[in-house]
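Worksheet: the structure to be examined is printed underneath.
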Amino acid sequence: MSTNSNESLNFLEEIIEADLASGKYKHILTRFPPEPNGYLHIGHATSICLNFGLGVKFGGATNLRFDDTNPTTEETEYVDSIISDVRWLGFEPAQIVYASDYFVQLFEWAKVLIQNGKAYVDFSTSQEMATLKGTPTEPGKNSPYRDTTPEENLALFEKMRAGEFPDGHCTLRAKIDMNSPNMIMRDPLLYRIKHAHHHRTGNTWCIYPMYDWAHGQSDSLENITHSICTLEFAPHRELYDWCIAQLGIFPSHQYEFARRNVSYAITSKRKLRQLVEDNIVRSWDDPRMPTISGFRRRGYTPASIREFCDRIGLGKREMVADMSLLEFCIREDLNKSSLRRFAVLHPLKVVITNYPEAQIDHLETENNPEAPETGLRPLSFGRELWIEQDDFMETPPPKYNRLSPGGIVRLKSAYIIRCEEVMKDDAGNITELHCTYIPESRSGQDTSGLKPKGVIHWLSASDAMIAEVRLYDRLFQVEDPAREEDFIATINPNSLQVIENALVEPALMQAELGDRFQFTRLGYFCVDPDSSADKMVFNRTVTLKDTWAKESAK
RNA sequence: UGGGUCAUGGUGUAAUCGGUAACACAGCAGAUUUUGGUUCUGUUAUUCAGGGUUCGAGUCCUUGUGACCCAACCA
């Protein structure tokens, strides 16, 4: 119910704690209010974690409410994906509700406003309205329709609702103050005519409430105590309060926080759509997309995203959180939880010349050194092996700890080998390595006294299986692509590398959708839904931290 | 006649309503390591500017500067 007194609270938590302490509320109720007009992205994820997180932290609850007041942009498909994204993140709404549930109530309340002389039907065109609205530095002018009597307005509003006017013919506006310094308060639109099919109410309505007429009242109807939104809605708060005051209904309160952006990502719906439609990515759930479904397919865990949202904190100033923090969070989670497996992405054949032709040795290695209880798994060792091309260099740079001519290296959980001969084709390409192994260097019973500097992963040619591996990198090359004049130009041309014929441990062929692994020394990988019984596909979620890559780049 | 929101290391967030500017990520250096992973240790770097109040200011006052939002029949 209450929080630890020694931990520092963010400004919203302080407000809530004070409201609870003063007895203003016994329980808090928040809400996550997406418009179902697209897929959720990482920005929404932070809002979900915020709203639901607050509900959980203070023993309250959180509604999922679809702000479906614009029938021309909204679809059931989006409703479904949003519900599943929220649940995937690990939250269960107290209620799943819709602004459209309140259309009748909202309509009745509009009539109350009209009767009280606080709203009028305006036949001005949008152009005329814009002119009369003034500018931030110049006052507006009253509409010629502003002094129509309540009786007349009521009749006109009923006609609007009855479908007697075409789209755009007139609107219902609140009568507030055309001289207000707050542009939002200069007689805002409450209803507009749209003869459109609504994904839930069908054709029963041809007038639809605007955001400002729907949101606060929806909050109030649900008894939302803390209605949390982003900074750009701050000027709307005055209108939010005005509407509630006019109706004398439960006073929900709006609080604003700064949208939480993430570097190297984009969260504009328009731009995300462009990426999909221009086939720059494959789909909305392409693992490079900053959508929740993209992160899911990429292999991110819900816990890692929640942890990220916790760690970036909350404020009221514009911010861009570091993508590297998100990467830290997923590595931290997966390091503890994922089983280790060997995979060789770019194979180089190694022949152990002093190892018997047909002999297969059975070795073991740990599933996860961070979690010994996960036990060991079997590994086959034979005369022919695969290692990573990167793990051999004919002329190694300084500090290179891997294999080179005449040098030794430890094959993890197996033997130490020495490179005796480099085989090449006519073009000079390395085709295979001839090595010898040190029989007394077997892992766990090493009496060789040798101390190779490097340890590399490997696969036995006798049982390695082929799989497809997709390596993802950042989609954008700049930290803040949204700020670029042409964000498409900043796209990383190497954001996806497909390796059709990678080699993996045989056990990986039984992996199932949702499984996550660490491919030893390579990174964290998950099973992609494109996988089939005969062709497994793995996505790289994130690389391991790679200090050698940094060192060698110097 | 403009209104609103904000300003603390590279990034993000704190600082018990005036009392040693801290935590995390990133970076750098080292130790450990049969993953160049993990773990551990150390380290670099911060209060937008000017003025004022005060023994003492990130915090209070004042004057500036800068950033973002608002003039959709979108949310």
Side-chain angles (χ1 to χ4, degrees), chain A residues 5-10 33-35 37 67-70 72-74 122 125-126 129-131 133-140 167-173 179-186 189-194 207-208 210-212 214-215 229-238 256 258 260 263 308 311-329 331-332 335-336 340 342 365-366 369-370 399-402 410-414 416 443-444 446 451-457 479 518-523 543-552:
Chain A
S5 53
N6 58 346
E7 95 181 90
S8 78
L9 303 176
N10 66 47
E35 181 186 13
N37 68 348
D67 227 333
D68 56 350
T69 56
N70 186 354
T72 55
T73 60
E74 298 151 6
D122 195 326
T125 64
S126 57
M129 249 183 244
T131 307
K133 193 150 195 175
T135 72
T137 52
E138 300 162 46
D167 286 8
H169 191 66
C170 56
T171 58
L172 184 74
R173 297 179 75 180
N179 295 322
S180 172
N182 182 355
M183 298 295 289
I184 302 290
M185 297 298 280
R186 319 244 265 225
L189 260 54
L190 267 24
Y191 272 92
R192 76 289 215 189
I193 300 171
K194 275 180 190 264
I207 59 171
Y208 291 91
M210 298 289 287
Y211 165 86
D212 286 303
H215 205 92
C229 61
T230 46
L231 247 27
E232 69 263 29
F233 289 97
H236 291 254
R237 190 177 58 237
E238 192 180 355
E256 308 89 18
R260 297 185 283 179
S263 62
F308 172 70
R311 283 175 178 258
I312 57 179
L314 189 73
K316 297 190 79 165
R317 60 171 158 152
E318 237 189 287
M319 63 89 93
V320 182
D322 233 313
M323 177 68 93
S324 64
L325 180 60
L326 217 203
E327 292 175 345
F328 167 83
C329 291
R331 286 188 185 113
E332 183 188 44
N335 177 48
K336 282 182 250 160
R340 266 100 260 224
F342 287 170
T365 188
E366 60 270 81
E370 302 295 316
K399 298 186 192 170
Y400 187 78
N401 291 344
R402 286 109 96 150
R410 156 80 60 187
L411 296 179
K412 183 167 170 58
S413 299
I416 294 170
S443 191
D446 184 354
K451 292 273 177 269
K453 278 187 291 183
V455 178
I456 64 174
H457 62 280
E479 266 189 48
Q518 182 195 109
F519 287 178
T520 299
R521 299 210 304 135
L522 298 176
T543 60
L544 258 27
K545 272 184 70 175
D546 190 349
T547 51
W548 168 244
K550 271 181 212 157
E551 181 65 33
S552 61

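To find a chain, count down the sequence lines: A is the first, B the second, and so on, and within it residues start at 1. FYI, side chains are in, hydrogens and waters are out, and symmetry mates aren't considered; it's all heavy atoms of this structure.
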Indicate, yes or no, whether a donor-acceptor pair under 3.5 Å links the base of [N] to the side chain of [X].
X      : N     : answer
A/T137 : B/U1  : no
A/R402 : B/G36 : yes
A/R410 : B/U34 : yes
A/E318 : B/U5  : no
A/E232 : B/G4  : no
A/R331 : B/U38 : no

Could you check which nucleotide pairs with [N] in any of the strands shown, counting Watson-Crick or G-U wobble with both distances under 3.5 Å?
N     : value
B/A15 : none
B/U5  : B/A67
B/A21 : none
B/U34 : none
B/G27 : B/U43

Just N and O in the side chain of [X]: are any of them under 4.0 Å from OP1 or OP2 of [N]?
X      : N     : answer
A/S324 : B/U11 : no
A/K316 : B/A7  : no
A/K550 : B/G27 : yes
A/K194 : B/C74 : yes
A/T72  : B/C74 : no
A/R192 : B/A75 : yes
A/R311 : B/U11 : no

Rounded to whole angstroms, how far apart are [atom1] on [X] and [atom2] on [N]?
X      : N     : atom1 : atom2 : result
A/R260 : B/U5  : CZ    : P     : 20 Å
A/K451 : B/U34 : NZ    : C1'   : 10 Å
A/E551 : B/G30 : CD    : P     : 9 Å
A/L314 : B/A14 : CG    : P     : 7 Å

Report task. Quick one: list whatever passes side-chain hydrogen bond (donor to acceptor under 3.5 Å, both in side chains) with A/D67, sequence neighbours left out. Result -> A/H215
[atom1]-based separation of [M] from [N] [nearest Å]:
N     : M     : atom1 : value
B/C17 : B/A26 : C1'   : 33 Å
B/A22 : B/U5  : P     : 31 Å
B/U11 : B/G27 : C1'   : 12 Å
B/A24 : B/U43 : P     : 13 Å
B/G37 : B/G19 : C1'   : 44 Å

Query raised in the report: Would you say the side-chain atoms of A/D212 pair up with the backbone N or O of A/H236, donor to acceptor, closer than 3.5 Å?
Result: no
Report task. Please answer whether the main-chain N or O of A/T135 pairs with a side-chain N or O of A/R186 as donor and acceptor at a distance below 3.5 Å. Result -> yes
Report summary line: Of A/I193 and A/K545, the one whose nearest nucleotide on RNA chain B sits closer to the 5' end is A/K545
Query raised in the report: Does A/T171 or A/G315 map to a spot on RNA chain B nearer the 5' end, using the closest nucleotide for each?
Result: A/G315
**Report entry** Charged N-O contact under 4.0 Å between A/E370 and A/R340
**Finding:** no
Query raised in the report: A/F233 vs A/Y211 aromatic rings, parallel, tilted or perpendicular, using cut-offs 30° and 60°?
Result: tilted
Query raised in the report: Could you give the distance from CZ (A/R192) to OG1 (A/T171), rounded to the nearest 0.5 Å?
Result: 11.0 Å
